[in-house]
Structures are given as structure tokens and as C-alpha cells.
Amino acid sequence: LYNKLYDFLIQKRAEAMVDAPVLPATSYIVQEAKIPTHPSSPQPYQVLAIGLLAGLMTGLLLIHIKPFLKITISNRKDLQSITDIPFLANISNQVSASYQMEEFMTLSTKILMIGNKNKVHTITVTSAFAGDGKSIIAENLAQSLGRLGKKVLLVDMNPINPTLKQNLVSEEGEASSNMADLYHENKNLHQAVQITDYQNVDLLTAGYLEHGINTLLVSDKTGNILDDMKSLYDFVIFDTPETSNYMDAIPLMKMSDLSLFVVKADKTTFNHLEQAEVIKNDFQIDNVYIVLNGIHHTMNHSGLQTSEKIKKIRKQVNASAEIKLMPRMLKKAA
């Protein structure tokens with residue numbers, strides 16, 4: 001038994017000597033590893049502090065670089081930074097009908113003020129791209145001027161996407177009642193216009209003009225037709241196609257007393273607005289004004305932030321009834 005135990009120990013010693021790591025003579029242990037007495041764990045307060053600091057630094061960085069990344073127009077300040085075309089009015093997006101009506105009344109007031117200095121009879125409404133809201137601006141501007149007792153003729157000169165007739169005329173009129181008939185001498189202006197559902201607002205569609213906008217430029221009848229419009233109406237408003245694809249708006253802008261270039265907030269880019277500058281300079285059209293449509297923040301008449309209060313004008317009868325209401329209640333209480 002002792003011999004067997006001795007042989008077993010000798011064998012294990014030999015195996016241990018073979019398996020043991022061989023350290024060269026030049027190697028030595030610098031610091032012996034120590035087993036920690038308790039396991040390591042995350043430090044939540046330190047991680048939270050680092051996260052808050054990283055979030056704060058990221059936010060500050062975005063605030064500083066955001067102006068350099070901005071490419072669309074949002075407010076009057078953006079307009080004035082890239083163009084010298086004067087700002088006229090803004091139209092809010094997703095607001096009450098009463099507030100939007102007040103904004104179009106403000107636009108009408110500014111146009112009337114411009115007319116005090118230079119007579120404004122004809123107005124052309126256009127934009128750089130389709131969907132910027134030029135037809136909506138033309139339609140609501142006509143309604144606002146009509147509420148003020150002005151006789152308004154709204155001319156749909158947008159053969160690409162005519163929408164005014166379906167919005168303004170509930171009953172279908174004669175199919176041939178349009179401007180083309182004025183040039184063919186089939187009808188006079190009284191017969192060509194259509195009565196709309198809005199007070200003091202009439203509609204004239206373009207119809208099929210064989211040469212498009214060039215029909216107005218080359219025909220000798222254009223001057224007489226425009227004179228008839230001015231003699232019968234206080235304002236003539238032309239709705240036109242977008243300037244990025246078609247040139248129809250430019251001759252009308254040249255003929256008109258006032259041109260409204262509609263810019264869509266957060267959609268029209270700085271480069272797109274250059275089209276208005278090019279049109280103004282190349283064709284020497286000085287009466288161009290910008291209307292900023294679809295702004296998300298409520299602005300006042302100057303294009304600055306407002307308190308969002310709506311002006312409510314009460315009739316004299318209603319005001320008198322409110323004044324007399326309180327004494328009646330006091331008498332009942334007594």
C-alpha cells in the first residue's frame with residue numbers, strides 16, 4: 001500500500017512539473033493578482049450624470065447649427081434675409097374660420113391702402129409651385145373685398161388645374177360662358193361672367209384659348225376687354241398657373257396693377273424664392289408683393305407673433321341689449 005501511494009505521488013509530481021508554466025529566467029511577477037472581496041456593479045448616478053451632460057451638449061449643438069441647416073421659409077424674418085420683395089400679409093394654417101377671415105380682411109385693408117397711393121384695379125395671384133395656395137388666396141381675397149361692398153371679378157386663368165368654378169358656382173352655367181367667347185365675339189362680358197354664391201363676386205373662366213396666354217398678348221381686343229372689366233368691377237383678380245413650369249402668370253403680372261407671389265411656409269425653399277426675384281428683375285415688374293401662406297404660428301398684420309385675440313365687432317343693437325341686461329337683473333334681485 002505504501003509503495004503504491006508513493007508511486008502515485010511521484011507520478012502526479014511529474015505531471016505537475018510537465019504542465020506547469022515555464023518562466024524564463026528573465027521573467028518575474030510585477031504585481032500579484034488579487035481576487036476582489038465583493039463583485040463590481042454599475043454606478044447609476046455616474047451614468048445618469050453623463051447622460052444628462054451628453055443630452056445638454058447635443059441640444060446646445062443643435063441650436064447653434066440649426067440656422068445653417070434651414071432651407072425653407074417659415075416667417076417674415078426668413079423672407080427679409082434673402083429677398084428685398086416687400087412682405088404684404090400672412091395667412092395662418094389650422095386656425096379658426098373667424099381668425100382666417102380676419103387675416104384676409106387684413107390683406108384687403110393693405111391692398112386698399114396701396115390703392116390710395118396707386119390705383120389698384122387688377123391683381124394677379126401666382127406662386128412658384130402648385131399647391132402653394134394661390135387659388136385659395138385669390139378666392140378668399142375676392143370674398144373679403146366683396147364683403148366690403150366692392151364689386152369683384154375673379155378670373156380663372158389657370159387652365160392646368162382650374163378649381164375656382166367648382167368652389168364658387170353651385171349651379172352649372174352654360175359651358176360656353178368664358179373668356180374665349182369674348183375673343184370670338186360670341187358673347188359680351190355680361191354674358192360670359194357667372195354669378196357665384198358669394199356677395200359681389202363674379203367668376204370668369206378662361207375657356208379654350210387657342211394660343212394660351214399669347215392670345216391676350218397678340219389680340220387687339222385685350223385692351224378693350226380689360227377696360228370693360230375695370231369699368232364694371234372695382235377689382236379684377238387673376239388666378240394663374242405656377243411660374244416654375246409655365247409662363248402664363250408673367251404677362252398678367254405685367255398688365256396688373258398689383259401682383260401677389262404666394263409663398264408656402266415650411267415648403268418653399270430659399271432657392272425657389274429666387275424665381276420671384278428673377279421674374280421681378282428680368283421683366284421689370286415692380287409691383288410684386290409676397291403673401292406667406294400656411295404659417296403654423298399665429299402672426300399679426302406685421303408678420304410678428306400675436307396674442308391670438310380675434311377682433312369681434314358687435315352690432316349697436318346687441319351692444320345696447322348687453323348694457324340693459326345688468327340693470328334688469330339688479331331689479332329682479334331687489
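Counting all heavy atoms, side chain and backbone alike, V120 lies closest to G115 at CG2-CA, 3.9 Å. Taking each heavy atom of G133 and V262 in turn, the nearest pair found is C-CG1, 4.3 Å. A pairwise comparison of heavy atoms in F261 and S127 identifies CZ-C, 3.8 Å as the closest pair. For the residue pair L252 and S256, the shortest heavy atom distance occurs at O-OG, 2.6 Å. Across all non-hydrogen atoms, the minimal contact from M157 to L209 is CE-CD1, 4.2 Å.
The backbone N or O of A180 sits less than 3.5 Å from a side-chain atom of N178, completing a donor-acceptor pair. Under the 3.5 Å distance criterion, the side-chain polar atoms of Q80 are left unmatched by any main-chain donor or acceptor of K77. The backbone N or O of L79 lies less than 3.5 Å from no partner atom in the side chain of T83, so there is not a single donor-acceptor pair. With T122 contributing its side chain and D257 its backbone, the two residues share a donor-acceptor pair below 3.5 Å. Here the side chain of K110 pairs a donor or acceptor atom with the backbone of L88 at under 3.5 angstrom. With hydrogens and angles ignored, the 3.5 Å screen pairs a side-chain donor or acceptor of K254 with a backbone N or O of F283. The main-chain N or O of T205 is never found under 3.5 Å from a side-chain atom of D156 such that the two would form a donor-acceptor pair. Judged by distance alone, with hydrogens and angles left aside, the side-chain atoms of N214 form no donor-acceptor pair with the main-chain N or O of L217 at under 3.5 Å. Looking at K221, its side chain does come within 3.5 Å of a backbone N or O of Y183 through a donor-acceptor pair. Not one N or O on the side chain of S219 forms a donor-acceptor pair closer than 3.5 Å with the backbone of L216.
The shortest distance between side-chain heavy atoms of I85 and K280 falls below 4.5 Å.
Here the CD1 atom belonging to I250 is positioned 11.5 Å from the OG1 atom belonging to T124, to the nearest 0.5 angstrom. We find the OG1-CG distance between T268 and D78 to be 11.5 Å, quoted to the nearest 0.5 Å. Between the CG atom in L112 and the CG atom in L148 there is a gap of 6.5 Å [rounded to 0.5 Å]. Atoms CG and OG1, on L145 and T109 in that order, are 9.0 Å from each other to the nearest 0.5 Å.
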Stepwise side-chain contact (heavy atoms from CB on, under 4.5 Å) check, L204 with M229
CA-CA 11 Å; L204 177 63; M229 292 179 178; 3.5 Å; yes
Assess the residue pair K151 and L232 against the criterion (side-chain contact (heavy atoms from CB on, under 4.5 Å)); give the C-alpha distance rounded to whole Å, side-chain angles, the decisive distance to 0.1 Å, and a yes or no.
CA-CA 8 Å; K151 191 69 175 175; L232 295 175; over 6 Å; no
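In K150, the NZ atom is not crowded: 12 or fewer heavy atoms of neighbouring residues, nucleotides or ligands sit closer than 6.0 Å.
A donor atom on one side chain and an acceptor atom on the other are not found under 3.5 Å apart for T240 and D248. Using modelled atom types and a 3.5 Å distance limit, the side chains of T243 and T126 yield no donor-acceptor pair.
Applying the side chain to side chain donor-acceptor pair (under 3.5 Å) test to every pair with at least one member in residues 225-234, sequence neighbours left out, gives these pairs: D202-Y233.
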